[in-house]
2 protein chains.
Amino acid sequence: MRDLYRMPGHLIRRMHQISVSVFAARMRAAGQDLTPVQFAALAALSAHSGVDQATLAGLIAYDRVTLGGVVDRLEAKGYLVREVSETDRRARILRLTPEGEAALDRARPVVDAVQDEMLAGLTRAERDELLRLLHKAAEAGNARSRAPLRAPQAERPAQG
Amino acid sequence: MRDLYRMPGHLIRRMHQISVSVFAARMRAAGQDLTPVQFAALAALSAHSGVDQATLAGLIAYDRVTLGGVVDRLEAKGYLVREVSETDRRARILRLTPEGEAALDRARPVVDAVQDEMLAGLTRAERDELLRLLHKAAEAGNARSRAPLRAPQAERPAQG
DNA sequence: CCTAATTGACAAGTATACTTATCATAAGTA
DNA sequence: TACTTATGATAAGTATACTTGTCAATTAGG
C-alpha cells in the first residue's frame with residue numbers, strides 16, 4: 001500500500017486543515033468573526049439575492065441540512081433575513097442585510113490574503129498549475145460529492 | 001475579488017468533500033465501517049505500536065482532543081486497547097488488537113481505490129504533478145496548521 | 001529539594017458535515 | 001380530482017475538528 005503521507009486524500013485533508021486554520025487566524029487578526037462557509041454563503045447571497053436555502057446550498061456546494069445551521073448563525077448575527085416565499089410556502093427566501101453586506105466587504109481582502117498564505121510554499125507558476133488541476137479534478141468529481149455544486153454554467157467554465 | 005469558484009480554499013474544500021464522500025461510499029460498498037481518520041489512526045498505530053495518544057495525533061496530524069474521540073470509537077469497536085503507560089502515568093499507550101489489524105488489512109485495498117477514484121478526472125501525469133504540488137504546499141504550511149504533522153523525518157522527505 | 005513550567009488526557013462548548021426521518025407543500029400524472 | 005412523487009425545511013443522531021479550561025503527573029530550573 002502506498003505511504004499515508006503520499007496519499008491524495010491525506011494531502012487534501014492537510015491542505016484543508018491548513019486552509020481553515022489560516023482563515024481563522026487571519027479573520028481573528030482582522031477582528032472579524034466569519035467562518036469559511038459563512039463567508040461563502042454571504043458572497044453567494046450577495047451575487048444571488050433572494051434565493052432559497054436549498055438553492056444557496058447548491059451554489060456553494062453544501063449539504064442543505066448543514067447550510068440550515070449556517071444560516072441560523074448568520075441570521076443570529078443579523079447578517080441576513082429569512083422570509084417565507086410568496087410563490088412556495090415551503091421555501092425560505094434569504095436576503096443580506098446592510099450589516100451582512102458590510103461584513104462581506106470587510107472580509108473580502110482578508111480572504112484574498114488567506115488564499116496566498118495557504119500556498120506560500122509554491123511559486124506563482126506552481127500555484128496556477130495547482131489551481132488548474134484542482135479545478136479539473138473537482139469538476140470531474142462533482143457528482144461523486146454528497147453536495148454537488150449547482151452553479152450557473154457561466155460561473156464555472158471547464159478550465160480556469 | 002477573485003471568483004469563489006477559483007479560490008484555492010474553495011477548491012481544496014471541494015476535493016476534501018469529494019474525498020470523504022468517495023471514501024464512505026467505497027467503504028460501505030465493501031461492507032466495512034471505518035472513517036478516514038479511523039483508517040489513518042489504525043495505519044499509523046500498526047507502524048508505530050505502543051505510542052501514546054498525543055504521539056499518534058502528531059503522526060497523522062490531528063488535534064489531540066479530536067483524536068481522543070476517535071480512539072474512543074476505535075476502542076468501542078474492539079480495534080485497539082488503551083493501557084496506562086508504565087513510565088508516564090498520564091499517558092495512554094495504544095495497541096491494535098488482532099481485530100484491528102484485520103480491519104486495517106481489509107481496508108487497505110479499498111483506500112487505495114479511493115485515491116484513484118477521487119482523481120478520476122486527471123491523467124496519470126496530472127495526478128503525479130498534483131501530488132507533488134500538494135505535498136510541497138502541505139509541507140510548507142505545516143506550521144500554519146493547528147495540528148502540525150510530527151512524523152519521523154524518514155517518512156516525509158521533502159519531495160514525493 | 002522545591003517550585004515552575006510543561007505535558008497527556010479529558011470535559012464542555014461551538015461549528016461544520018453528514019445521515020435518516022418527518023412534515024408541509026407542490027407538481028406531476030391518471 | 002385523486003394519487004403519487006418530489007421538494008424545502010427541520011429534527012435527531014453521529015463523527016469530525018477545533019476552542020478553552022482543568023487536573024494529574026512529569027520535567028526543568030534554581
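Taking only side-chain nitrogens and oxygens, R89(A) comes nearer than 4.0 Å to OP1 or OP2 of dA26(C). One finds no side-chain N or O of R28(A) lying less than 4.0 angstrom from the OP1 or OP2 phosphate oxygen of dC18(D).
A donor-acceptor contact under 3.5 angstrom links the side chains of R82(B) and Q53(B), judged on distance only.
Listed here is the closest heavy atom pair of P109(B) and D105(B): CD-O, 3.3 Å.
In this entry the distance linking CD of E86(B) with P of dA25(D) reads 16 Å, nearest Å.
Atom CG of L67(B) sits about 5.0 Å away from atom CG of L56(B), to the nearest 0.5 Å. For the atom pair CG of L149(A) and CD of E139(A), the computed distance is 8.5 Å after rounding to the nearest 0.5 Å.
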Problem - Base-contact (B) and sugar-phosphate-only (S) positions in nucleotides 13-18 of chain C, heavy-atom cut-off under 4.0 Å, - elsewhere - result: --SSBB
Exercise for the section: For nucleotides 3-8 of chain D, just jot down a letter per nucleotide in 5' to 3' order: B, S or -, based on protein non-hydrogen atoms under 4.0 Å. Expected result: ---BBB
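A salt bridge is absent between R106(B) and D33(B): the closest approach of a Lys/Arg side-chain nitrogen to an acidic carboxylate oxygen does not fall below 4.0 angstrom. Salt bridge annotation for D112(B)-R26(B): absent, with no cationic side-chain nitrogen under 4.0 angstrom from a carboxylate oxygen.
Note: H10(A) and Y5(A) have perpendicular aromatic rings, judged against thresholds of 30 and 60 degrees for the angle between ring planes.
Summarising the base pairing, dG13(C) is matched to dC18(D) through a Watson-Crick or G-U wobble pair whose two defining distances lie under 3.5 Å.
Scanning for salt bridge (charged side-chain N to carboxylate O under 4.0 Å, His left out) contacts around E126(A) gives R132(B), K136(B), with sequence neighbours left out.
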